[in-house]
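Here is the structure we will look at.
Numbering of ligands and ligand atoms starts at 1, following listing order. Throughout, numbering of the chain's residues begins at 1 and tracks the sequence.
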Amino acid sequence: MVLEKAGEPLRLTELAVPTPGPTQVLVDVHACAVCRTDLHVVDGELTQPKLPLIPGHEIVGTVAHVGEGVERFRIGERVGVPWLGWTCSRCCYCRNDQENLCDRAQFTGYTLDGGYAAYTVADQRFCFPIPDSYSNAEAAPLLCAGLIGYRSLRKAGSGKRLGIYGFGAAAHILTQVAKYQQREIYAFTRAGDVEAKKFALDLGAAWAGDSNEMPPVELDAAIIFAPIGALVPQALKAVRKGGVVVCAGIHMSEIPSFPYSILWQERSICSVANLTRTDGEEFMALAPCIPVRTEVTIFSLEEANSALIRLRTGRIQGAAVLVTNPKKS
Ligand SMILES: [Zn+2]
Ligand SMILES: [Zn+2]
């Protein structure tokens, strides 16, 4: 499925099988999860996509062919391809364990073609092995909702009481990780979204309420996954002195001005950008130990536009996943 112009639906296009470069693997795609970032790309809120573009950056498939310099993977092995697709290894960020901020980074499904397709190519250095205990469709959301959720959790510090604003794919994974770490989750959903609240409580959240409500206790930290700037002051009011508010999305509507008093007392606001390979390795090792279970709604590849529409209107519980062959999912 191809994006030709922002704001238009993806087009079903007959695509040639790409040829892997010297350090690339050719991936026979089995599943690709649908991320909110894909919506931001398709809607034109992220303004620098390669066009035409195959979106999708939570890819699970098997290696079908390898470039001559590939030594990490063999033909037939199962791999995951995440959002971070290439870095320069040379800039000051790359040299200081901050490759997520690389000046020349390339991103799967944004500046590189992604996984809404039967085949894709990926640089072997940025692919991860997939734990055996997951099916293709179940593993796909781990690759962004999981990885970037995990990075956000680390940014939130080690406090016990954690608020999560926006209870979608990342939140449903993170709740399981946080519970494993013996923390309490306070889930904030769209006003009146009874199903999302029930979903959060079923996963073990200590409390679930509307995003404009105050939680029953002061929070140590809050993570905002919903792309809504007005949640920043809301979350600041909910965290204790010294608490942190983590903005985990790539795009957010404008943050309204707010009184300094809700930031004072050493509260802080930070953002999370992309992932490092270390985040990925740590999380992919941790997920099967907990074990993190993902709830997925399956769509065929051709149904990508309807999956995006359902994500936009908040009608997906857990994660939406496109599969190329339902028998292999
Ligand atoms: Zn993503
Ligand atoms: Zn770099």
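- A distance of 10.0 Å separates OG1 in Thr87 from CD in Gln106, rounded to the nearest 0.5 Å.
- Two rings, from Phe107 and His57, have their centers 6.0 Å or more apart.
- Of all protein N/O/S atoms, those under 2.8 Å from the Zn ion (ligand 2) are Cys88 SG, Cys91 SG, Cys94 SG, Cys102 SG, and waters are not counted.
- Residues Asp220 and Arg183 are not paired through a salt bridge, judged by the lack of any N-O separation under 4.0 Å between the basic side chain and the carboxylate.
- Protein N/O/S atoms closer than 2.8 Å to the Zn ion (ligand 1): Cys35 SG, His57 NE2, Cys144 SG.
- Close placement of the Trp207 and Phe188 rings is indicated, their centers lying within 6.0 Å of each other.
- For Arg267, there are no salt bridge (Lys or Arg N to Asp or Glu O under 4.0 Å) partners at least two apart in sequence or on another chain.
- Every pair passing side-chain hydrogen bond (donor to acceptor under 3.5 Å, both in side chains) that includes a residue from residues 112-121 is listed here, sequence neighbours excluded: Asp38-Tyr116, Lys50-Asp113.
- One finds no salt bridge joining Arg161 and Glu218 here, because no Lys/Arg side-chain nitrogen approaches an Asp/Glu carboxylate oxygen to under 4.0 Å.
- Ion pairing between a basic and an acidic side chain is recognised when a charged N comes within 4.0 Å of a carboxylate O; Asp193 and Lys197 show no such pairing.
- The closest side-chain heavy-atom distance from Thr62 to Val27 is not below 4.5 Å.
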